[in-house]
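Take a look at the structure below.
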Amino acid sequence: MNYDDPAVLDIVRRSMVARIATLSRNGRPSVTPLYFVCLNGQIWLGTADWTLAARDVKADPRVSVLFEVEQSARDRRVARIAGRASVRTDAKTYAAYVLRVAFKYSLTPGQIRNTSAHLGLLLLRRRYHAQSAQKGQACVIDVTPEQADLLRD
């Protein structure tokens, strides 16, 4: 099945979190949930270059990304997309990612209400990002889809 299959695209479009499965240099698997956006047939996941997901992608570019519709208890389909990934640390790519993430996750009526109700969490979020910046550089894991499957339970 192709990534551009309408059923796969429907699940990806309705998903809020992607779970990227990676392999370490030693072949040890890991699954990491990350925010994501899609752009021109690519899947962009945001993280930092020091994280396990980014280190694993640098060691082995083969990945699988799982998508499910978290906000629908009835729709239990899962889309699995296999492909090759790279870690991009250039400022232009990260800025494009952040802008798209803002529109997908932050600048929605529900999120604006939630942020207003929990202003104290903004300070924690700022502290987290400051500590993360001291450890390394923000990056985008750029996945080029090669194959897709629909999984049902």
Applying side chain to side chain contact (heavy atoms under 4.5 Å, CB included) to Leu150 and Ile11, what does each step give before you reach the verdict?
CA-CA 9 Å; Leu150 283 181; Ile11 295 169; 3.4 Å; yes
Single-linkage hydrophobic cluster [X]~[Y], side-chain heavy atoms < 4.5 angstrom:
X	Y	result
Trp44	Met16	yes
Val87	Val98	yes
Leu23	Ile81	no
Val63	Leu39	yes

Looking at every non-hydrogen atom in both residues, tell me the closest pair between [X] and [Y] and how far apart they are.
X	Y	value
Ala18	Phe67	CB-CE2, 3.6 Å
Tyr3	Cys38	OH-SG, 3.5 Å
Ala54	Ile141	N-CD1, 4.1 Å

Would you compute the distance between atom CG of Leu52 and atom OG of Ser24 and round it to the nearest 0.5 angstrom?
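If we round to the nearest 0.5 Å, Leu52:CG and Ser24:OG are 7.5 Å apart.
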If I take atom CD1 from residue Ile20 and atom CG from residue Asp56, how far apart are they, to the nearest 0.5 angstrom?
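Nearest 0.5 Å value for the CD1-CG distance: 9.0 Å.
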Could you give me the CA-CA distance, side-chain angles and deciding distance for Lys92 and Asp90, then say whether salt bridge (Lys or Arg N to Asp or Glu O under 4.0 Å) is met?
CA-CA 6 Å; Lys92 185 177 178 182; Asp90 60 288; over 6 Å; no
Of Ile43, Val8, Val12, which is the lone residue that meets side chain to side chain contact (heavy atoms under 4.5 Å, CB included) with Pro145?
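Of the listed options, the one satisfying the test is Ile43.
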Does Arg62, at its CZ atom, have more than 12 non-hydrogen atoms belonging to other residues, nucleotides or ligands within less than 6.0 Å?
no
Asp142 and Thr93: CA distance, side-chain angles, deciding distance, side chain to side chain contact (heavy atoms under 4.5 Å, CB included) verdict
CA-CA 10 Å; Asp142 184 357; Thr93 298; over 6 Å; no
Taking the side chain as C-beta and beyond, is there a heavy-atom pair between Leu45 and Thr32 under 4.5 Å?
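The answer is no; the side chains never approach within 4.5 Å.
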Could you tell me whether a side-chain N or O of [X] sits under 3.5 Å from a main-chain N or O of [Y], the two making a donor and an acceptor?
X	Y	answer
Asp49	Gln137	yes
Asn2	Asp4	no
Asn26	Arg28	no
Arg88	Tyr94	no
Tyr105	Tyr35	no

Any chance you could lay out the side chain to side chain contact (heavy atoms under 4.5 Å, CB included) test for Thr47 and Cys139, step after step, and finish with the verdict?
CA-CA 6 Å; Thr47 189; Cys139 70; 3.7 Å; yes
Output, in order, the C-alpha distance, side-chain angles, deciding distance and verdict of side chain to side chain contact (heavy atoms under 4.5 Å, CB included) for Phe36 and Val17.
CA-CA 7 Å; Phe36 76 97; Val17 176; 5.8 Å; no
Out of Arg80, Arg19, Arg77, which residue meets the salt bridge (charged side-chain N to carboxylate O under 4.0 Å, His left out) rule with Glu68?
Arg19
